[in-house]
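Since the model is a prediction, treat every value here as computed from it, not as a measurement.
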Amino acid sequence: MSAGTGYGTQPDAIAGLLAAVGDAAVVLSYEEDRTFAALSLSRIGAVASSRLDWTGVEVLESSPVFDGEELRKLLREYGRPEELAVVFWGNLAVPSLALETGLAAAHTDAVLECCYECWIYLVDSRVLIEFQDGEGFTVGRVPG
């Protein structure tokens, strides 16, 4: 946690997910979170404070479905099981996680239960999956 940011002050929000995946997930420090955000979220503009503006970004897929099964399908389609996935939440007070894509795919319901919006960055593929509860998923390639 970084003083003054509030980052990571609500780890209970991800307790169920952490219990499901055990030591295979790493809770990111504020500095690690910001480093991965600079490689992903920060390269795409925002609409309001918590939605990405996909204008001018290579959108690979959009889906109105917003459940764990759909997220599982997207993770398996766009990432390799051993690829590093970083999960960002719509609330900075909830710490971000790093885990293998295959593990995230195996626990998608637990991922989606943590927050009503999240982004999963598939590091090697440079693919970002945005989830907005009630609206579905957008998958795009992160600009270089």
Side-chain angles (χ1 to χ4, degrees), residues 1-2 5-21 24-144:
M1 178 171 53
S2 181
T5 66
Y7 175 80
T9 58
Q10 295 179 10
D12 291 349
I14 58 172
L17 177 58
L18 289 173
V21 300
V26 174
V27 176
L28 299 182
S29 69
Y30 177 75
E31 292 75 18
E32 291 166 329
D33 170 89
R34 295 296 79 203
T35 297
F36 280 112
L39 296 171
S40 58
L41 293 171
S42 298
R43 292 181 182 224
I44 300 173
V47 175
S49 63
S50 65
R51 293 189 193 290
L52 296 179
D53 180 358
W54 294 95
T55 305
V57 176
E58 180 186 359
V59 174
L60 303 170
E61 186 170 345
S62 292
S63 172
V65 180
F66 51 95
D67 63 15
E69 186 59 37
E70 182 69 3
L71 178 56
R72 185 174 302 108
K73 177 185 87 71
L74 295 171
L75 287 169
R76 290 179 175 158
E77 182 174 345
Y78 293 102
R80 294 181 332 280
E82 70 282 356
E83 181 174 0
L84 182 64
V86 177
V87 184
F88 302 95
W89 313 103
N91 181 350
L92 265 179
V94 180
S96 298
L97 293 178
L99 68 165
E100 289 186 346
T101 298
L103 190 59
H107 296 283
T108 54
D109 289 329
V111 169
L112 297 181
E113 287 173 8
C114 293
C115 195
Y116 58 90
E117 57 189 5
C118 69
W119 298 266
I120 301 176
Y121 176 48
L122 305 177
V123 176
D124 294 339
S125 302
R126 298 187 46 82
V127 167
L128 187 64
I129 301 171
E130 179 178 43
F131 168 70
Q132 297 286 336
D133 192 18
E135 295 180 26
F137 297 95
T138 302
V139 182
R141 183 131 357 251
V142 176

_Restricting to side-chain contact (heavy atoms from CB on, under 4.5 Å), what partner residues turn up for S62, sequence neighbours left out?_
V59, T138

*asked:* Tell me which one of E83, E61, K73 satisfies side chain to side chain donor-acceptor pair (under 3.5 Å) with Y78.
replied: E61

*Reported CG-to-CG distance for the pair L128 and L52, which is rounded to 0.5 angstrom*: 6.0 Å

_Contacts of A105 that satisfy side-chain contact (heavy atoms from CB on, under 4.5 Å) - sequence neighbours left out_ = R72, L75, R76

*Could you pull out the closest heavy-atom pair between F66 and F131, with the gap in Å?*
CB-CE1, 3.6 Å

_As a quick check of understanding, evaluate side-chain contact (heavy atoms from CB on, under 4.5 Å) for V27 and L97, giving each step before the final call._
CA-CA 5 Å; V27 176; L97 293 178; 3.6 Å; yes

*Quick one: closest heavy-atom pair of N91 and A93, and the distance?*
OD1-N, 2.9 Å

*Could you tell me the separation between the SG atom of C114 and the CG atom of D12, rounded to the nearest 0.5 Å?*
11.0 Å

*Least distance between heavy atoms, E82 atom then E100 atom*: O-CG, 3.9 Å

*Roughly how far apart are L84 CG and D124 CG, rounded to 0.5 Å?*
7.5 Å

*How many angstroms lie between atom CH2 of W119 and atom OG of S50, to the nearest 0.5 angstrom?*
5.5 Å

_Euclidean distance, T101 OG1 relative to L74 CG, rounded to 0.5 Å_ = 12.0 Å

*Can you name the residues that form a side-chain contact (heavy atoms from CB on, under 4.5 Å) with E58, not counting sequence neighbours?*
L60, R141

*Which of these passes side chain to side chain contact (heavy atoms under 4.5 Å, CB included) with V123: L39, V86, V142?*
V86

*So which heavy atom on D109 is nearest to which on G68, and how close?*
OD1-CA, 3.2 Å

*asked:* Please determine whether side-chain contact (heavy atoms from CB on, under 4.5 Å) holds for the pair I120 and L71, giving the CA-CA distance in whole Å, both sets of side-chain angles, and the decisive distance to 0.1 Å.
replied: CA-CA 10 Å; I120 301 176; L71 178 56; 3.9 Å; yes

*asked:* Holding to side chain to side chain donor-acceptor pair (under 3.5 Å), I want the full list of residues that pass it with S40, two or more places apart in sequence or in another chain.
replied: none

*Excluding sequence neighbours, so at least two apart, what forms side chain to side chain donor-acceptor pair (under 3.5 Å) with D133?*
none

*Given T55 and V47, is the side-chain contact (heavy atoms from CB on, under 4.5 Å) satisfied, shown in steps?*
CA-CA 10 Å; T55 305; V47 175; over 6 Å; no

_For the CG atom of D33 and the CZ atom of F88, what is their distance to the nearest 0.5 Å?_
5.5 Å

*Tell me, with the steps shown, if Y7 and L28 meet side-chain contact (heavy atoms from CB on, under 4.5 Å).*
CA-CA 10 Å; Y7 175 80; L28 299 182; 3.9 Å; yes

_Among residues at least two apart in sequence or on other chains, which ones pass side-chain contact (heavy atoms from CB on, under 4.5 Å) with V21?_
L17, A25, L99, L103, H107

*Is the shortest heavy-atom distance from the side chain of R126 to the side chain of Y121 under 4.5 Å?*
yes

*R51 side chain to A46 main-chain N or O, any donor-acceptor pair under 3.5 Å?*
no

*Which atom names give the shortest non-hydrogen contact between G90 and C115, and what distance separates them?*
N-SG, 3.7 Å

*For W89 against C118, the heavy-atom pair lying closest together*: CE3-CB, 3.7 Å

